[in-house]
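In what follows, every heavy atom counts, from backbone to side chain, and hydrogens, waters and symmetry copies are set aside. Note on naming: letters A, B, ... go to the chains in the order of the sequence lines (proteins, then strands), and numbering restarts at 1 for each one.
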There are 2 protein chains.
Amino acid sequence: MQSTTSQSKLEEAKKIFTAYLERKELRKTPERFAILEEIYRRQDHFDVESLYISMKSKNYRVSRATVYNTLDLLVECDLVTKHQFGGNMARYEKSYGYRQHDHLICLDCHQVLEFCDPRIQSIQNMVGELLQFNIKHHSLVLYGHCQKNECPNKKQPAEKKNG
Amino acid sequence: MQSTTSQSKLEEAKKIFTAYLERKELRKTPERFAILEEIYRRQDHFDVESLYISMKSKNYRVSRATVYNTLDLLVECDLVTKHQFGGNMARYEKSYGYRQHDHLICLDCHQVLEFCDPRIQSIQNMVGELLQFNIKHHSLVLYGHCQKNECPNKKQPAEKKNG
DNA sequence: CTCGGTGCAAAGCTTTTGCATCCGC
DNA sequence: GCGGATGCAAAAGCTTTGCACCGAG
């Protein structure tokens, strides 16, 4: 049962993006749609540079400026989500047709896992009510040590003083 | 009943920092303690530049390099917490003797509010158990529109198409 | 044809690094 | 006095901006 395949999500996303561009009276340039396609082909939490590189490596002629500009548009129409996972560089992921989720990041190998918990929505509602905020979105990230063998710091570094 | 005043928190923090420096065999330089004091005097969620500027304006001779270096040490011994609230620049706040809390940020005026909810701890525990992670800390930030009069975008811009 | 969008490179900002000097231990 | 820590400035890394050209409407 794949009622919504990766491909159909891309098609839906294109329609949404088109409608958004029309509503804002922005131009439907090939670069904008190429970037949207590249993003929906990806599965990871990517940064701007890696998206730029992967388009360049396919001989697509784009500039970083356009990638940044288009990402802003895609974030604004909710087709892409932007994250600040702690480094100095933003990370992005496609978000149309994917369940709302939060993230878990390994402090050692930096892998990113996803999880869902309905309580976050309740907290969001409750706090918004309590503090009189009209909450639009949230960011929850848990940081810890994973237990994979590939992970560089698998064994907890046991508090060594000077021996 | 102010069993722990702001002043006594600073004193406690100094002891913890001293112990930490000794344990790590690092030097107890005046700059390090001056930075700790300045941080514990502050009440806001500050960035490096504003901490640096406020020390400079008091004619204290410090460099950004030392501020960055010391902040790393303070974060490592849990006297200061580092946040990435979405911009490209990190924000910090003192954390010794203050209750664990999360943040709510106005998308318009960027004010930062704090709130507590015990359910976050449960989520953290549950997810760590489920995904086999040894979770060390988390970051939950809610973004929304506040309802203060001072706020620049007080009135919600009602989806205007073209007229 | 218009003027918004693009590519490229330069500039901007935050953070890190190199090196001579300084001072805690 | 030794070697870690500091101050300063230069460099690095991510993002934004300026400008001439291009192409969507």
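In this structure, A:Arg64 atom CZ and C:dG12 atom C1' are separated by 16 Å, rounded to whole Å. The distance from atom CD of B:Glu22 to atom C1' of D:dG4 is 16 Å, rounded to the nearest whole Å. Across the protein-nucleic acid pair, A:Leu71 atom CG and D:dC14 atom P stand 15 Å apart, rounded to whole Å. Per the geometry, CE belonging to A:Met89 stands 8 Å off P belonging to D:dT15, to the nearest Å. We find that CD of A:Glu25 is positioned 14 Å from P of C:dC3, with the value rounded to whole Å. Between the C1' atom of D:dA5 and the CG atom of B:Leu36 lies a distance of 17 Å, rounded to the nearest Å. As a whole-Å value, the separation of B:Tyr52 OH from C:dT16 P is 16 Å. Whole-Å rounding puts the B:Ile53 CD1 to C:dC13 C1' distance at 14 Å.
The pair A:Glu11-A:Lys15 fails the salt-bridge criterion, with no side-chain N (NZ, NE, NH1 or NH2) lying under 4.0 Å from an Asp/Glu carboxylate O. Ion pairing of B:Lys9 with B:Glu12 is absent here, as no side-chain N (NZ or NE/NH1/NH2) approaches a carboxylate O to less than 4.0 Å.
For C:dT15, the OP1/OP2 oxygens have no side-chain nitrogen or oxygen of B:Lys82 closer than 4.0 Å. For B:Thr66, a side-chain nitrogen or oxygen approaches OP1 or OP2 of D:dG7 to under 4.0 Å. Close to D:dA24, at under 4.0 Å from its OP1 or OP2, lies no side-chain N or O of A:Arg32. Between C:dT15 and B:Tyr68, a contact under 4.0 Å exists linking OP1 or OP2 to a side-chain N or O. Of the side-chain N and O atoms in A:Thr29, none sit less than 4.0 angstrom from OP1 or OP2 of D:dG23.
You won't find any donor-acceptor pair under 3.5 Å spanning the side chain of A:Arg61 and the base of C:dC8, going by distance alone. Looking at B:Arg27, its side chain comes within 3.5 Å of the base of D:dG4 through a donor and an acceptor atom.
A donor atom on one side chain and an acceptor atom on the other are found under 3.5 Å apart for B:Glu114 and B:His45. For B:Asn125 and B:Glu129, the side-chain atoms include no donor-acceptor pair closer than 3.5 Å.
Here the side chain of A:Glu31 is nearest to one of C:dC8, C:dT17, C:dT6, namely C:dT6.
If you check every strand for non-hydrogen atoms under 4.0 Å, B:Asn69 touches sugar and phosphate atoms only. No engagement by A:Lys24 is indicated, since no non-hydrogen atom pair under 4.0 Å with the nucleic acid exists.
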Practice problem: Please step through side chain to side chain contact (heavy atoms under 4.5 Å, CB included) for the pair A:Leu36 and A:Arg32, ending with a clear verdict. | Solution: CA-CA 6 Å; A:Leu36 176 61; A:Arg32 287 176 174 166; over 6 Å; no
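Mapping A:Asp72 and A:Leu26 onto DNA chain D via the closest heavy atom, the residue that lands nearer the 5' end is A:Asp72.
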